[in-house]
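Here is the structure we will look at.
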Amino acid sequence: MLDVKGLRKEYGELVAVRDLYFQLHPGDVFGFIGPNGAGKTTTIKMLATLLEPTAGTATLNGIDIVRQPEEVRPLLGYMPDFFGLYEGITVTEYLEFFAAAYRIPRAQRAAIIENVLELTDLTVKKDAYVETLSRGMQQRLCLAKSLVHDPILLLLDEPASGLDPRARIEIKELIRELGAMGKIVLVSSHILPELADFCNKIGIIEKGELLVWGVVDEIVQQMQANRILEIKPLGEPEPLIKRLEREAHVHGVETRNGSLYVHFAGGLEEQADLLASLIHDGYRIAAFREESLDLEDVFMQITKGEVS
Amino acid sequence: MKRWMENPLLRYQLFGFTVNRWKRQPLLYGVIAGGVGLTYLLVYQLVAFNQIPFAAALNLCLLVMCLVAPLMAYNLFSLEYEKQTWESLALTRLTAREILWGKLGAALARVGILTLLALPILLTTVELDIYIFDSRSGRIPTVLESTTNLYVLTAGMSLLFSWGALIVALGMWLSFYLKRTLSTASTLYAGQVFALALMPMLYLTFSTGETGNEFIGAITSYWEGFVWWIASLFTARVILYLNPFWAANELNAVLPSSYTWRDGGGSYTYSEGLIYLNWGFSQSITYLALALLFAGLTHRGLKHAWRK
């Protein structure tokens, strides 16, 4: 389990990360969302033991990242947002290098490398030189390198940045698979739709402050206190608009592309009652649905677009 | 030792990319190697046939070392920063000492190879079994002459190796702190020009040619030589005495051709003073001590900056 307790980083007067608290369990895929400069990379670097926090700490399976960096490093895999690879060697040699650097016994290395290559779909490229790989493949190789020592926590900083759509999809699949393998995956991004697909938890950070964190669906529900109902009437919409404006739970009605968007403060019961009463009153309704929020809507509602 | 040789960084620096370069472009590297080999043979032939003095040959080898040694160290750490491979390396289980040994060990091995390449050239200038005749005392025993020549040869070789070791250790330290390949390379070359050419010229200009050599002839024991050497390190003379080219020139005075044999408790000579000073070896030990200092500073920096 990863337990982040009051993690803080200051650079002089600037507070880059402000007292973060969150917990992640095996199998959690945590999307760390925030605008550029919000403090995502700083947080990840602190968790990766590459930056020393000004205050607070985090523990990974009870091991303190501040006091015991050497003990925690074998338990984590880190993929930076900008990374390089040792050139002039093949993919297999590259992975052997890291397997040896993580002190994996020589006898086990070949099997582990084979597994990791298979997982990252790089088996066909095992004899290719590292610098000849495409950006997407290099990204996967970097991830493969982070997996050779079987870490329990994976810190992935913008893993899909600069990738073409196919490579993005492949990386997403891979991250989902890693979560299913029981690893804790912390993945940062400012591209929200790609996170929505595979994260079960998210944290939104702005100006170094974690504004909200938790299970994705719960956060979306919290943010959806004001529902928006899309109603598509048949015929003239004006009578229906007047009728809706008389409803107690309706705070406003907008018209777009022949549909009515109703700001509705009621719950599911009131929503069902509204539909029933409209039909009872003889309005002809072609479509009636609740417009659900996505991560982008949640993000826009929570953040103000400020950087630390 | 086995664990050291299994150091993946050492193997990568020594063989990894070099072997693959040969595999990938055998013709190109074959041509380069052929060119270097032919140049070497040509130099060897020139030295052997023209009976170049020992000091001149050693100076030539030192010049090559001054030019080549920085190339072995100028990017040891800076390239890791520039190519953004450093964070991945820092997170492995390699200790600061292993990282240091991996990088420095490979560079020292190359300096060692370069030194060994100088051996045949230097050997042609120092015959180990010659008979020298002196007008006063007749034939000087072969054993003594061989010993003297062997002394000069080994002192010359140790000067060459230790200067190379100092340059690579300094280069590694600069590369760690400057974090820029170009800055490190230019500092190393400019530093050598400053220390080996400009400083001695300034010293000789302002000291009106006083080199302290007159005191060397008065040294009558190894203990006196040791004390005098230590004392010299704290005077401006150190600019000359620690200059490998100066040291190489003075080694010529130890050779039998310029040797004045002491007969029956007569006067001690300049060449004997040099031997009592362990001339050549004293410089080498000082260079190695400085190399150790720079290696220690890099190790300390690694431990401190990366909590290794």
Side-chain angles (χ1 to χ4, degrees), chain A residues 41 44-45 47-52 65-90 92-106 109 127-132 138 141-146 148-149 151 153 155 157, chain B residues 2-26 28-29 75-103 105-106 179-181 299 301-308:
Chain A
T41 299
I44 287 179
K45 287 199 174 191
L47 293 175
T49 73
L50 293 168
L51 267 183
E52 208 162 350
I65 61 155
V66 178
R67 291 199 193 93
Q68 302 158 281
E70 282 297 279
E71 282 79 6
V72 86
R73 281 172 183 165
L75 303 179
L76 60 88
Y78 170 60
M79 183 172 156
D81 49 353
F82 299 104
F83 64 90
L85 304 165
Y86 291 118
E87 293 180 356
I89 52 176
T90 64
T92 306
E93 286 169 342
Y94 181 78
L95 293 175
E96 268 172 6
F97 174 91
F98 278 96
Y102 277 107
R103 303 206 199 292
I104 293 168
R106 191 183 284 271
R109 280 180 212 162
D127 295 322
Y129 285 97
V130 163
E131 62 271 25
T132 64
Q138 289 192 350
L141 179 59
C142 188
L143 190 53
K145 174 266 307 174
S146 313
V148 284
H149 57 295
L153 169 65
L155 301 164
D157 197 358
Chain B
K2 191 185 165 202
R3 189 175 160 192
W4 279 19
M5 285 313 294
E6 281 189 355
N7 184 330
L9 205 53
L10 180 67
R11 292 166 72 89
Y12 174 71
Q13 295 279 342
L14 263 184
F15 315 113
F17 59 90
T18 317
V19 171
N20 284 331
R21 270 183 196 165
W22 277 89
K23 277 189 203 162
R24 292 168 78 178
Q25 292 172 301
L28 176 69
Y29 283 95
N75 61 3
L76 282 179
F77 281 99
S78 55
L79 204 62
E80 298 266 8
Y81 288 112
E82 286 170 354
K83 292 213 157 198
Q84 293 169 321
T85 51
W86 175 245
E87 288 181 342
S88 297
L89 181 66
L91 288 181
T92 65
R93 296 182 74 176
L94 292 175
T95 61
R97 191 172 292 178
E98 284 169 324
I99 291 175
L100 189 81
W101 166 243
K103 288 181 176 289
K179 297 183 171 68
R180 290 284 176 274
T181 297
H299 182 256
L302 274 170
K303 279 188 86 73
H304 180 72
W306 295 98
R307 296 192 282 159
K308 274 281 186 191

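Quick note on labels: first sequence line is chain A, next is B, and so on, each numbered from 1.
Contact annotation for A:Gln68: neither backbone nor side-chain heavy atoms come within less than 4.5 Å of a heavy atom of chain B. With a threshold of 4.5 angstrom between heavy atoms, A:Ile89 approaches chain B through its backbone and through its side chain. Proximity to chain A (any heavy atom under 4.5 Å) is shown, for B:Leu79, by neither the backbone nor the side chain. Heavy atoms closer than 4.5 Å to chain A are found nowhere in B:Glu82, neither backbone nor side chain. Heavy atoms of A:Leu51 lying under 4.5 Å from chain B belong exclusively to its backbone.
A salt bridge links B:Arg24 with A:Glu131: the distance from a Lys NZ or Arg NE/NH1/NH2 to an Asp or Glu carboxylate oxygen falls below 4.0 Å. Ionic pairing of B:Arg11 and A:Glu96 is not present here: no N-O contact between side-chain nitrogen and carboxylate oxygen is shorter than 4.0 angstrom.
Within 6.0 Å of atom CZ in B:Arg180, 12 or fewer heavy atoms from other residues, nucleotides or ligands are found, so the atom counts as exposed in its surroundings. Surrounding CZ of A:Phe82 are at most 12 heavy atoms belonging to other residues, nucleotides or ligands under 6.0 Å away.
The two residues A:Arg73 and B:Leu91 make their nearest non-hydrogen contact at CB-O, 3.6 Å. Annotation for B:Pro8 and A:Ala101: closest pair CG-N, 3.7 Å, computed over non-hydrogen atoms.
Residues A:His149 and B:Arg93 are not in side-chain contact: their nearest non-hydrogen atoms beyond the backbone lie 4.5 Å or more apart. At least one side-chain heavy atom of A:Phe97 sits less than 4.5 Å from a side-chain heavy atom of B:Leu89. Contact of the A:Pro80 side chain with the B:Gln84 side chain is not registered, since no non-hydrogen atoms from C-beta on lie closer than 4.5 Å.
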(request) Verify side chain to side chain contact (heavy atoms under 4.5 Å, CB included) between B:Trp306 and A:Leu50, making sure each step is shown before the conclusion. (result) CA-CA 7 Å; B:Trp306 295 98; A:Leu50 293 168; 3.5 Å; yes
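Side-chain N or O atoms of B:Arg307 include one that pairs as donor or acceptor with a backbone N or O of A:Val66 at under 3.5 Å.
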